[in-house]
Amino acid sequence: MKISILTIFPEMVSVIKKYGVISKAVENKILDIQIFNLRDFTNDKHKVVDDYPFGGGPGMVMKPAPFFRFFEYFNKEFGKPYTILTSPQGETLNNDIVKELSCEKNILIICGRYEGIDERVMSFVDREISIGDYVLTGGELPAMVIADAISRFVPEVIDKDSVEQESFNTGILDHPHYTRPREINGLKVPEVLLSGDHNKIEIWRRKMALKKTMEKRPDLFFNKEFDELDKVALLELFRELINGVR
């Protein structure tokens, strides 16, 4: 998969491909992440990318000409991308959108700045995406979040089983995790995890995941379609609750 990010702060965004599993995926050519500087597509010596808005008003607007030059170059070199604009006006990013985007082969993410971009640039944009109902100083952090989230669904970037068992991908939150030592400061690892009984462990993990989801995200819990393992885990959980067991 190719993910490109267009920004006026390439140094800020470039860290995404320098650390962790994404850096390994880039090194192994599973991911191709490229960062482009919009200022490289200006035609004045000061590399200006913004101007005053027609009609007046506060702030500055990103000029259309550098974008048009960039797309002319990009389409010729790499083909037409699926283009995302980071915008507080966009649909809020969620797991379903991320999975959908991971099926694209050539994604471009535009980082908005200032009061926004000239509306004529929207002719290139396929989708506007927000990472939450708040406003940031620019689109660089959202672009990194989107790219990171998409990358996790690209085959071989991380272990397939890890992706399938993560929160939101299963429709519920994740179960608690423990590692060594077995006891620290009087806090012990649940005995079932030391039992070696994989069936009991699987039921316990699903039970704890469902309990956590009921407590923290009831909206997810009530929208979930329960499978057979869920039903077994819920029955055990309800028995414990009735008996006052936490």
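For this chain, numbers begin at 1 and follow the sequence in order. Note that this is a predicted model, so its numbers are computed, not measured.
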Thr86 (side chain) donor-acceptor with Ile110 (main chain) under 3.5 angstrom: yes

So CE of Met208 and CG of Asp174: to nearest 0.5 Å the spacing works out to 12.0 Å

Tell me if a side-chain donor or acceptor on Arg182 pairs with a main-chain N or O of Lys188 at a distance below 3.5 Å. no

Would the distance check show the side chain of Arg205 and the main-chain N or O of His175 forming a donor-acceptor pair, the cut-off being under 3.5 Å? no

Check for a donor-acceptor pair, side chain of Thr7 on one end and backbone N or O of Cys111 on the other, with a separation under 3.5 Å. no

So, do Leu85 and Met122 sit near enough that their side-chain heavy atoms are less than 4.5 Å apart? yes

Joint cluster assignment, Ile146 & Val98, ILVMFWY side-chain distance < 4.5 Å: yes

Out of curiosity, does Leu136 fall in the hydrophobic cluster containing Val13 (side-chain heavy atoms, cut-off under 4.5 Å, transitive links)? yes

Could you tell me whether the side chain of Asp219 and the main chain of Asn223 form a donor-acceptor pair under 3.5 Å? no

In the structure I gave you, are the side-chain heavy atoms of Asp133 and Pro88 within less than 4.5 Å of one another anywhere? no

Which label fits Tyr178 and Trp204: parallel for a plane angle under 30°, tilted from 30 to 60°, or perpendicular past 60°? tilted

Minimum side-chain heavy-atom gap Glu191-Leu194 below 4.5 Å: yes

Between Gly196 and Ile201 the two heavy atoms that sit nearest each other are N-CD1, 4.4 Å

Would you mind checking if Lys224 and Asp230 are paired as a salt bridge, meaning a charged N to carboxylate O distance below 4.0 Å? yes

Taking side chain as C-beta onward, heavy atoms only, is Asp32 less than 4.5 Å from Met1? no

What's the spacing between Met214 CE and Leu173 CG if we round to 0.5 Å? 11.5 Å

Walk me through it: do Phe68 and Phe124 pass the test ring pair (Phe, Tyr, Trp, His ring centres under 6.0 Å)? CA-CA 9 Å; Phe68 277 70; Phe124 297 108; 5.0 Å; yes

With Ile203 as partner, the option from Leu237, Val232, Leu235 fulfilling side-chain contact (heavy atoms from CB on, under 4.5 Å) is Val232

Does Leu93 form a side-chain contact (heavy atoms from CB on, under 4.5 Å) with Ser130? I'd like the steps, not just the answer. CA-CA 6 Å; Leu93 187 69; Ser130 166; over 6 Å; no

Tell me whether Glu115 at atom CD has more than 12 heavy atoms from other residues, nucleotides or ligands lying less than 6.0 Å away. yes

Sub-4.5 Å side-chain heavy-atom contact between Ile129 and Leu101: yes

Say you draw a straight line from CD1 of Ile131 to CE of Met144; how long is it, rounded to the nearest 0.5 Å? 10.5 Å

Can you establish whether the number of heavy atoms outside His177 located under 6.0 Å from its atom NE2 is more than 12? yes

In the single-linkage hydrophobic clustering (I, L, V, M, F, W, Y; side-chain heavy atoms under 4.5 Å), do Phe36 and Val49 co-cluster? yes

Indicate if Leu229 and Leu234 have the same hydrophobic cluster label, given that clusters are the connected sets of ILVMFWY residues with side-chain heavy-atom separations under 4.5 angstrom. no

In Å and rounded to the nearest 0.5 Å, what is the CD1 to NZ distance from Ile172 to Lys212? 10.0 Å

Any chance you could measure Glu240, atom CD, to Lys211, atom NZ, to the nearest 0.5 Å? 7.5 Å

Do Ile8 and Met12 belong to the same hydrophobic cluster, where Ile, Leu, Val, Met, Phe, Trp and Tyr are linked whenever their side-chain heavy atoms lie under 4.5 Å apart, directly or via other members? yes

Go through the steps to decide whether Phe226 and Phe221 satisfy the test ring pair (Phe, Tyr, Trp, His ring centres under 6.0 Å), and finish with yes or no. CA-CA 9 Å; Phe226 299 115; Phe221 181 83; 5.3 Å; yes

More than 12 heavy atoms of other residues, nucleotides or ligands under 6.0 Å from CD of Glu183: yes or no? yes

Using 4.0 Å as the upper bound for N to carboxylate O, is an ion pair formed by Arg127 and Glu100? yes

Looking at Val26, is its backbone amide N or carbonyl O close enough to the side chain of Lys17 to form a donor-acceptor pair, meaning the two atoms are under 3.5 Å apart? no

Closest non-hydrogen contact found for Val189 with Pro181 is CG2-O, 4.0 Å

Min side-chain heavy-atom separation Ile16-Ile22 under 4.5 Å: yes

What distance do Asp126 atom CG and Ile84 atom CD1 have between them, rounded to the nearest 0.5 Å? 8.5 Å

Can you tell if the side chain of Val61 reaches within under 4.5 Å of the side chain of Ile117, non-hydrogen atoms only? no

For Tyr134, look at atom OH and say whether over 12 heavy atoms of other residues, nucleotides or ligands are found less than 6.0 Å away. yes

With side-chain contact (heavy atoms from CB on, under 4.5 Å) as the test, would you mind laying out the steps for Phe70 and Thr42 before giving the verdict? CA-CA 9 Å; Phe70 169 79; Thr42 57; over 6 Å; no

Please determine if Glu228 and Lys231 form a salt bridge, counting it only when a charged side-chain N lies under 4.0 Å from a carboxylate O. yes

Lys/Arg-Asp/Glu bridge criterion (N-O < 4.0 Å) met for Asp44, Arg39: no

Check whether more than 12 heavy atoms from other residues, nucleotides or ligands sit under 6.0 Å from atom CD of Glu72, and answer yes or no. no

Contact check, side chains of Leu38 and Phe9, non-hydrogen atoms, under 4.5 Å: no

Qualifying residue for side-chain contact (heavy atoms from CB on, under 4.5 Å) with Pro81, from Leu6, Ile107, Asn75, Ile109: Asn75

Check whether Asn185 reaches the backbone of Leu187 with its side chain - one donor and one acceptor, N or O, closer than 3.5 Å. no

Can you give me the closest heavy-atom contact between Gly79 and Asn106, atom names plus distance? O-ND2, 3.4 Å

Pair Lys2, Lys105 - check side-chain contact (heavy atoms from CB on, under 4.5 Å), show working. CA-CA 6 Å; Lys2 179 178 181 61; Lys105 299 299 182 184; over 6 Å; no

Students often mix this up, so state it plainly: with edges at 30° and 60°, are the rings of Phe78 and Tyr73 parallel, tilted or perpendicular? perpendicular

State whether the side chain of Asp50 and the backbone N or O of Met62 hold a donor-acceptor pair below 3.5 Å, judged by distance alone. no

Taking all non-hydrogen atoms of both residues into account, name the closest pair between Ser151 and Ile3 and its distance. OG-CD1, 3.9 Å

